[in-house]
2 protein chains.
Amino acid sequence: MRSEDIAKLAGVSRSTVSRVINNYPNVPAATRDKVLKVIEQHHYEPNSFARALAGKSTDTIGLFAISMNENADASRIYQNSYFAPIVDLVVDTANAQGFYVLIHTIYSPGDFQKVKQAFLQKRIDGGILVGTQKDINFVSDMVGHGAPLVLIDYDITEIIAERLDKNHLSIINSRDYEGTVEAIEYLIKLGHREIGIIKGRMSTFSGRERYLAYESTMMKHGLPILDNFVLAGDFLKESAYREVLNLLHSGKLPTALFCSNDAMAVSAMEALMEHGVHVPDDISIVGFDDALLASHVSPKLTTVRLPIDDMSKAAVEKIIELCQSGQSAFSTASFPTRLVVRDSCKTPAI
Amino acid sequence: MRSEDIAKLAGVSRSTVSRVINNYPNVPAATRDKVLKVIEQHHYEPNSFARALAGKSTDTIGLFAISMNENADASRIYQNSYFAPIVDLVVDTANAQGFYVLIHTIYSPGDFQKVKQAFLQKRIDGGILVGTQKDINFVSDMVGHGAPLVLIDYDITEIIAERLDKNHLSIINSRDYEGTVEAIEYLIKLGHREIGIIKGRMSTFSGRERYLAYESTMMKHGLPILDNFVLAGDFLKESAYREVLNLLHSGKLPTALFCSNDAMAVSAMEALMEHGVHVPDDISIVGFDDALLASHVSPKLTTVRLPIDDMSKAAVEKIIELCQSGQSAFSTASFPTRLVVRDSCKTPAI
DNA sequence: CTGAAAGCGCTTACAG
DNA sequence: CTGAAAGCGCTTACAG
């Protein structure tokens with residue numbers, strides 16, 4: 001069933017059928033109704049490709065999740081407490097606005113090619129890029145083609161430094177720095193002075209922000225940053241487990257440990273508990289993200305809530321705006337985090 | 001940049017460019033290389049819509065998740081331990097085969113329309129439908145249009161009963177019945193005789209299977225099925241919490257409780273613990289799914305592992321096969337579950 | 001208000 | 001081996 005068939009059945013031309021479909025004003029109600037009736041009767045749907053070819057938008061946005069270093073079990077990306085809710089919310093928000101979403105994950109640099117293709121082949125009106133390791137060159141490429149792009153969790157200074165044409169670009173961030181400050185100051189207020197950290201992947205904007213905030217807050221309060229209390233990490237639980245084990249073997253523990261995300265916090269707790277170190281009696285733990293798990297482990301994890309809902313929704317709204325308005329100025333939005341106090345912290349024993 | 005531009009630059013016709021792109025055999029290596037060089041130089045990508053219009057496939061499959069009754073917080077669908085890994089694996093498997101995936105969730109009957117459109121507008125080559133409440137009429141519709149469709153978790157007898165043209169249809173299931181039997185017999189072997197159940201949503205194939213298996217296994221072993229030990233549930237944690245509370249108030253507990261999924265099992269444990277009933281000392285709990293949470297709660301949950309990986313991969317492979325082969329016979333695959341014994345069950349106290 | 005026609009960017013018989 | 005031409009199913013100036 002094509003528009004031509006509808007036209008014949010309704011006794012009009014394809015032009016008129018098209019006008020009805022696209023809600024042109026210059027169609028008399030009578031004609032419109034007549035056409036609409038035929039369309040409904042036959043469950044006609046205009047071929048989306050033909051429409052797109054003829055210049056209409058695709059009503060599809062892309063969602064690309066980058067997860068390059070997450071080695072071995074890389075396919076678990078959506079179970080990752082960070083990606084899952086973003087995918088969730090982006091799909092829902094976009095669907096609610098009448099958009100489909102095309103998803104592709106990026107596990108290797110080669111996958112960037114597929115994403116670029118999605119743009120160049122005009123499969124989508126615009127795209128949202130989320131995840132760490134956003135290659136600045138890739139971003140330049142995309143932006144160069146004038147494709148609307150929204151970046152979630154991206155260091156703005158990098159964009160500025162590249163002097164990109166930022167017309168079709170928008171960045172959505174969370175205020176991780178402030179969230180971390182709040183968490184560290186909460187520990188300090190509880191009476192902690194020896195506060196350690198498990199770092200996130202430092203190639204990541206959030207990884208860096210969370211670490212920097214830790215550092216500067218400690219310094220601001222005149223507290224020492226001890227090398228052996230600064231543990232490396234990459235946001236994955238294995239790294240945290242390993243580092244905490246090392247820490248345990250060193251014999252000396254901090255009274256509190258800030259973990260750059262919940263996955264690592266939970267894993268740290270496990271390592272600690274297994275060695276008879278009790279949380280929060282012997283050591284306080286705070287995480288970051290407020291993942292699903294945080295409220296289910298025991299003790300329930302005190303953590304910094306990431307405004308993933310706000311960010312995801314904002315990303316969709318922004319990309320749709322960029323797609324529709326043809327052009328608009330570079331914009332940035334940054335959403336606040338919130339400390340969620342549960343049961344994994346207490347005043348340190350003397 | 002269009003194929004015409006490439007043709008000019010390479011000194012050939014569009015036809016030849018197209019032949020190169022589509023890997024036709026009848027192009028001399030020299031010509032092919034010449035064209036390929038120009039294509040690469042200019043980062044040319046053929047417009048996907050034009051290709052699709054001209055008869056090529058879209059290289060896109062649809063993934064539609066139905067989640068109708070999950071009331072209030074329905075947008076959490078991808079965090080749902082059941083959907084998240086499916087989305088994950090379907091996207092990855094499809095991507096690896098060079099397919100994009102178009103996602104849409106179905107929260108209301110109206111959303112079925114959007115999914116139907118995705119097919120009718122030819123946005124996708126075929127689709128995977130997952131989630132409960134698959135409207136048989138909807139399925140009929142789809143199948144009627146000859147659109148390749150894979151159903152995950154669907155009662156085959158319904159399809160048979162409808163006498164559908166099953167040529168472009170495939171069903172992927174898990175052996176929930178056998179998994180439940182294994183779980184219940186494990187409890188019986190531990191010495192339990194008073195085994196209760198929290199049911200899943202009975203409008204669901206898995207909900208029914210899990211209940212029926214419980215019922216028949218109990219009967220087979222001559223054990224009583226007591227009305228007050230058969231709790232209603234809908235796969236969501238709230239229902240389990242509420243039902244267990246009621247059970248607690250009734251004063252009489254079974255020695256073991258089979259929960260139709262992990263979300264409910266975890267919630268049941270919480271309700272129990274909060275009332276001083278210890279798991280597994282006072283009551284044994286077994287779940288179903290082996291969700292991420294299962295190994296992180298305390299005590300770690302004994303549960304039946306759903307073969308989600310196998311199912312998701314099989315679904316993608318099947319849909320791609322259906323899309324490519326034009327036609328193929330109706331097929332069904334059913335993957336085995338596996339009991340994962342952890343710490344939430346033990347021999348009942350006398 | 002409405003139709004004929006051109007055009008969107010490809011693919012693929014067809015003819016040579 | 002290769003080009004000219006028709007066709008895929010729409011949209012949208014253009015002309016009336």
Side-chain angles (χ1 to χ4, degrees), chain A residues 1-36 38-39 42-60 117-125 145-146 324 326, chain B residues 1-36 38-39 42-60 117-125 145-146 324 326:
Chain A
M1 180 110 309
R2 301 155 306 134
S3 71
E4 172 120 42
D5 302 318
I6 299 295
K8 259 180 206 140
L9 290 168
V12 298
S13 71
R14 280 148 70 212
S15 313
T16 298
V17 171
S18 183
R19 286 191 190 97
V20 169
I21 290 171
N22 292 294
N23 250 301
Y24 275 42
N26 54 352
V27 179
T31 311
R32 179 181 305 278
D33 291 348
K34 190 171 55 181
V35 173
L36 243 24
V38 178
I39 288 180
H42 297 267
H43 303 291
Y44 166 72
E45 290 287 345
N47 181 304
S48 62
F49 294 134
R51 300 190 80 187
L53 234 204
K56 287 295 193 184
S57 63
T58 67
D59 293 336
T60 303
Q117 279 176 22
F119 279 96
L120 294 179
Q121 296 174 348
K122 300 274 155 58
R123 287 173 182 273
I124 54 180
D125 294 339
H145 285 287
Q324 289 174 341
Chain B
M1 181 110 311
R2 302 154 305 134
S3 70
E4 172 120 42
D5 302 318
I6 299 295
K8 259 180 206 140
L9 290 168
V12 298
S13 71
R14 281 150 69 211
S15 312
T16 299
V17 171
S18 183
R19 287 192 189 97
V20 170
I21 290 172
N22 292 295
N23 250 301
Y24 275 42
N26 55 350
V27 180
T31 313
R32 181 181 303 279
D33 292 347
K34 190 171 56 180
V35 173
L36 243 24
V38 178
I39 287 180
H42 297 267
H43 302 291
Y44 166 72
E45 290 288 345
N47 181 304
S48 62
F49 294 135
R51 299 190 82 187
L53 233 205
K56 288 294 193 184
S57 63
T58 66
D59 293 337
T60 304
Q117 279 176 23
F119 280 96
L120 294 179
Q121 296 174 348
K122 301 275 154 60
R123 287 174 181 272
I124 54 180
D125 294 338
H145 286 286
Q324 290 174 341

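The basis for the numbers below is simple: all heavy atoms, side chains too, and nothing from hydrogens, waters or symmetry mates. Throughout, protein chains are lettered first and strands after them, A, B, ... in sequence-line order, and every chain is numbered starting at 1.
Taking atom CG on A:Asn26 and atom P on C:dT2, their separation rounds to 9 Å, with Å as the unit. Rounded to an integer number of Å, the gap from CD of B:Glu4 to P of D:dA5 is 13 Å. Per the geometry, CG belonging to A:Asp5 stands 9 Å off P belonging to D:dG9, to the nearest Å. The NZ-C1' distance, from B:Lys122 to D:dC8, rounds to 11 Å in whole Å. The nearest whole Å value for the distance from the OH atom in B:Tyr44 to the C1' atom in C:dG9 is 7 Å. To the nearest angstrom, C1' of D:dT11 lies 16 Å from CZ of A:Arg2. As a whole-Å value, the separation of A:Gln121 CD from C:dT11 P is 11 Å. The distance between atom CG of A:Leu53 and atom P of D:dG7, rounded to the nearest whole Å, is 17 Å.
For A:Phe49 against B:Lys122, the heavy-atom pair with the smallest separation is CE1-O, 2.7 Å. Residue B:Arg32 comes nearest to B:Asn23 through the heavy atom pair NH1-OD1, 3.7 Å, listed as atom of the first residue, atom of the second, then distance.
Note that the OG atom of B:Ser57 and the CD atom of B:Gln324 stand 7.5 Å from one another [nearest 0.5 Å]. Rounding to the nearest 0.5 Å gives a distance of 10.5 Å between CG of A:Asn26 and OG1 of A:Thr31. Atoms CE and CG, on B:Met1 and B:Leu9 in that order, are 6.0 Å from each other to the nearest 0.5 Å. In this structure, the separation between CG on B:Asp59 and CD on A:Gln121 is 8.0 Å, given to the nearest 0.5 Å.
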Can you give me every donor-acceptor pair (side chain of residues 12-21 of chain B, partner residue at least two apart or in another chain, under 3.5 Å) with its distance?
{"residue": "B:Ser13", "atom": "OG", "partner": "B:Ser15", "partner atom": "N", "Å": "3.3"}
{"residue": "B:Ser13", "atom": "OG", "partner": "B:Thr16", "partner atom": "N", "Å": "3.4"}
{"residue": "B:Ser18", "atom": "OG", "partner": "B:Asn22", "partner atom": "ND2", "Å": "3.4"}

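Checked for salt-bridge contact, A:Asp5 and A:Lys8 miss the test: no charged N lies under 4.0 Å from a carboxylate O.
Listed pair A:Ser3 / D:dG9 fails the phosphate criterion, with no side-chain N or O lying under 4.0 Å from OP1 or OP2.
Across all strands, B:Asn47 comes closer than 4.0 Å only to sugar-phosphate atoms, never to a base (heavy-atom distances). Within 4.0 Å of B:Thr31, counting heavy atoms only, lie sugar-phosphate atoms of the nucleic acid but no base atom.
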For DNA chain D, the expected dot-bracket line (Watson-Crick or G-U under 3.5 Å, [ ] crossing, | inter-strand) is |||.||||||||.|||
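Between the side chains of A:Thr60 and B:Arg123, at least one donor N or O sits under 3.5 Å from an acceptor N or O.
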Nucleotide N/O of nucleotides 12-14 of chain D paired with protein N/O under 3.5 Å:
{"residue": "D:dT12", "atom": "OP2", "partner": "A:Tyr24", "partner atom": "OH", "Å": "2.4"}
{"residue": "D:dT12", "atom": "O4", "partner": "A:Ser15", "partner atom": "OG", "Å": "3.4"}
{"residue": "D:dA13", "atom": "N6", "partner": "A:Arg19", "partner atom": "NH2", "Å": "3.4"}

